[in-house]
Protein chains: 2
Amino acid sequence: MATIRDVARLAGVSVATVSRVINQKDSVNSETAGQVLKAIEQLHYVPNAVARGLAGKKMGIIVLILPDILNPFFPALARGVEDVAHKKGLTVILGNSDDLGIKESSYIKVLREKYVDGFIFASNTIREEDVESLRNDRIPIVLLDRGLNTASCPVIRSNNREGAKLAVQHLIEQGCQRIAHIYGPQEFITARDRLLGYEEAAGRLKGYSPSLMVSGNFDIESGRNAVEQLIARHPDLDGIFAGNDLMAVGALKALHDRGIRVPEQVKVCGFDGIGLTEITEPELTTVAQPVYEMGGLAARILLDEIESGIRENTLRELDVRLIPRKSTRKEET
Amino acid sequence: MATIRDVARLAGVSVATVSRVINQKDSVNSETAGQVLKAIEQLHYVPNAVARGLAGKKMGIIVLILPDILNPFFPALARGVEDVAHKKGLTVILGNSDDLGIKESSYIKVLREKYVDGFIFASNTIREEDVESLRNDRIPIVLLDRGLNTASCPVIRSNNREGAKLAVQHLIEQGCQRIAHIYGPQEFITARDRLLGYEEAAGRLKGYSPSLMVSGNFDIESGRNAVEQLIARHPDLDGIFAGNDLMAVGALKALHDRGIRVPEQVKVCGFDGIGLTEITEPELTTVAQPVYEMGGLAARILLDEIESGIRENTLRELDVRLIPRKSTRKEET
DNA sequence: GGTTATAATGTAAACGGTTACATAGTCTTA
DNA sequence: TAAGACTATGTAACCGTTTACATTATAACC
């Protein structure tokens, strides 16, 4: 591989000049620049990213830490991040944290020494101290789906509260009176907001009761269990809004097992808009988050901060949209 | 951040000695080593990976190129790779190629200058020349699910042919006589092997006919279309072996739409063992590949080669296993 | 007792870029 | 026309490691 010194020699200039041409910094006589470019061409010279990284403390790498790429919510996020990054010539390092603060810390420790340009955390357990320490070194961070109390970073999430209201209103429009909610772990702000939205929209219904809310873990099994509880408490239940799609799938399964027909007897609506919702029987109505776009936006904001050095600590809540499918269809009269 | 010189100064030795202690190379007096370790401790010194990378041409990074993380087959692969890599202190860069040779080339070009330690390709369009050029620079490669003609790399895949036979035999045992196959794109060796396995196992059946084989693209929609064709050709069809789970899901949907009951009238079996198969109605029988393990194995082989420098160009075919579920259940007599 | 391994350590040159600073030449401008 | 400003370029230090080579002391051998 040719080095910058080879190019300099061939072009008959100093390495500084070559560097200037490559980075289009400072002024270079256009004729000289031409010589340099020709030499670069001839030698198939490509600047070495590691040497650059060492000198400039930036490797052209961003890191995406998410809880678990196996959770069907995250691939789209990852793809969104990666597409934007790749377009700008950056590469993406992926880390699975399993929502363990300690794993996050370990990624940060290792990667910091690799001079990565920035971090995107879609994980829910980042430690204050870690954020603080990255901040001190002026390493950009973007938070996805999560805001720290002292949030001094850009945060991106979707409008969970409005989405929940959309879901409940839709169920009401489809004729539901007693609408239950399976809520996710309350340490997730997303789950809290969805619960709030539910209460706001369902609270004024005649059939409303606080015991219509049961907890789940955002996984299929917990959706299933939640339905068991609900049926026991409220046999007259006619609508379920699950805090995410996986729990909605679990709900569907539990209802199916008990011979309760969806949507005729109970209507079900999920949240997230993952691919799974299209393959259940019946297909699942859901509130779709623009997951891919969220990833892309996160990457763009991060790259902006990397380039400009300016931090804009805004919270962005993206719009969600309801996708009506068979699981909430009203019988034709 | 403290540097190796700070440590050397504090410990009263030269940087070379510190480096020796860190890397446990050459001999160092154990007392001296103690001093150095103490200094490292005191200064919270962590070696800078970029400087190391520049000096040693290895950044402690491996690259995983896959077609598309959105395809539900790949997250498990990625997780398998990442878990092993992370355990060994390496980080993983993720790239989506969309099965475009040009995108792969572009990743390789960019990453080579970042001194990545090795590549895992799960993508089907690697160019001979790219492999060749990496090879020349002694950069380790592992191929997943694919073998080049001139294959001079380790290759990992599962035993697709045996898997297909397993699927067909299972359908036969469940009472099927006329078993169709929806095969994937024949430029994929996996799809070819599955087709071969099908022919081998189904070819001797009384009801066999070559027109029982129809093509698909490994996606849901194509599975759907394939079933339309099949039904037209063979109304007496009683079993379908789809070349992957997504096409099997499509098949399930098409059958459902036409009011054909699964498994009573037609039994369906997929291939891959992705999570989706557990949430269809009926749940889908499938031949599960050990996807997570394949990723882990790929990473391990790559790391071995990185450490040892020895290339073992073996082809490894991992065992698959049939997971019987409701979609192929025989009616109780 | 002189030669030769071997252990323990240091010196300084890589690795391949960026960039602060210096220098020389060309314009302006009062 | 001398001072100041700007353009174009070069020199060399620096980023933080690794490592080839050199040096010294100590042990081992004939």
Side-chain angles (χ1 to χ4, degrees), chain A residues 1-37 39-40 43-61 89 110-117 137-139, chain B residues 1-37 39-40 43-61 89 110-117 137-139:
Chain A
M1 282 286 111
T3 75
I4 198 171
R5 294 180 218 272
D6 299 327
V7 175
R9 200 172 310 126
L10 181 59
V13 299
S14 75
V15 293
T17 302
V18 177
S19 178
R20 286 180 189 114
V21 172
I22 295 169
N23 300 299
Q24 319 204 38
K25 263 190 175 177
D26 300 340
S27 43
V28 176
N29 180 297
S30 62
E31 203 170 328
T32 316
Q35 299 290 311
V36 171
L37 257 11
I40 288 177
L43 297 170
H44 302 302
Y45 168 72
V46 184
N48 181 293
V50 181
R52 263 189 163 160
L54 182 57
K57 299 197 191 297
K58 283 189 184 183
M59 280 292 295
I61 296 177
V110 172
L111 292 170
R112 176 195 282 273
E113 298 307 322
K114 293 196 175 151
Y115 286 158
V116 298
D117 300 31
D137 289 5
R138 321 209 99 267
I139 300 175
Chain B
M1 283 285 111
T3 75
I4 198 171
R5 292 181 222 275
D6 299 327
V7 175
R9 199 173 311 128
L10 181 59
V13 299
S14 75
V15 293
T17 301
V18 177
S19 178
R20 286 182 187 111
V21 172
I22 294 169
N23 300 298
Q24 319 205 35
K25 262 189 176 178
D26 300 340
S27 42
V28 177
N29 180 296
S30 61
E31 202 169 330
T32 316
Q35 300 290 310
V36 171
L37 258 10
I40 287 177
L43 297 170
H44 301 302
Y45 168 73
V46 183
N48 181 295
V50 181
R52 264 191 162 160
L54 182 57
K57 299 197 191 298
K58 283 190 183 182
M59 280 293 294
I61 296 177
V110 172
L111 293 171
R112 176 195 282 274
E113 298 308 323
K114 292 193 176 154
Y115 285 157
V116 298
D117 300 31
D137 290 4
R138 322 208 101 267
I139 300 175

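Residue numbers start from 1 in every chain, and the chains themselves are labelled A, B, ... in the order their sequence lines are given, proteins ahead of strands. As a basis for the values below, the full set of heavy atoms in this structure was taken, side chains included, without hydrogen atoms, waters or symmetry mates.
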A:Y45 OH - C:dG16 P separation (whole Å): 10 Å
Nearest-angstrom distance from the residue atom CZ of B:R9 to C1' of D:dG16: 13 Å
A:K58 NZ to C:dG16 C1', straight-line distance once rounded to whole Å: 19 Å
Whole-Å distance separating the NZ atom of B:K25 from the P atom of D:dT18: 8 Å
Expected output: side-chain A:K114 to main-chain A:M59 donor-acceptor under 3.5 Å: no
Rounded interatomic separation in angstrom, taking NZ from B:K114 and C1' from C:dG16: 16 Å
Any side-chain heavy-atom pair of B:V21 and B:V18 under 4.5 Å: no
Any B:S19 side-chain N or O less than 4.0 Å from OP1/OP2 of D:dT18: yes
Euclidean distance, atom CD1 of residue A:I22 to atom P of C:dT19 [Å, nearest integer]: 12 Å
Minimum-distance pair of heavy atoms, taken over all atoms of B:V50 and A:L54: CG1-N, 3.5 Å
Rounded (10°) bend between the five-pair end axes of the helix from C:dG1-D:dC30 to C:dA30-D:dT1: 40°
Straight-line distance of B:S14 OG to B:R5 CZ, nearest 0.5 Å: 10.5 Å
Any side-chain heavy-atom pair of A:D6 and A:L10 under 4.5 Å: no
Identify all pairs in which a protein N or O lies below 3.5 Å from an N or O of nucleotides 9-15 of chain C, and state each distance.
unit_1: C:dT9; atom_1: OP1; unit_2: B:T32; atom_2: OG1; d: 2.4
unit_1: C:dT9; atom_1: OP2; unit_2: B:N29; atom_2: N; d: 2.8
unit_1: C:dT9; atom_1: OP2; unit_2: B:T32; atom_2: OG1; d: 3.2
unit_1: C:dG10; atom_1: OP2; unit_2: B:S14; atom_2: N; d: 2.7
unit_1: C:dG10; atom_1: OP2; unit_2: B:S14; atom_2: OG; d: 3.1
unit_1: C:dG10; atom_1: OP2; unit_2: B:T17; atom_2: OG1; d: 2.8
unit_1: C:dG10; atom_1: N7; unit_2: B:R20; atom_2: NH1; d: 3.4
unit_1: C:dG10; atom_1: O6; unit_2: B:R20; atom_2: NH2; d: 2.6

Side-chain donor or acceptor of A:N29 paired with backbone N/O of A:E31 under 3.5 Å: yes
B:L37 CG to B:T32 OG1 distance, which is reported to the nearest 0.5 Å: 11.5 Å
A:I40 CD1 - C:dG17 C1' separation (whole Å): 13 Å
Sugar-phosphate only, base, or nothing, as touched by A:T3 at under 4.0 Å among non-hydrogen atoms: sugar-phosphate
Shortest non-hydrogen contact between B:I4 and B:Y45, atoms and distance: N-CE1, 3.5 Å
B:I22 side chain reached by B:R52 side chain, heavy atoms, under 4.5 Å: yes
Atom-to-atom span, CZ of B:R52 to P of C:dG16 - whole angstrom: 18 Å
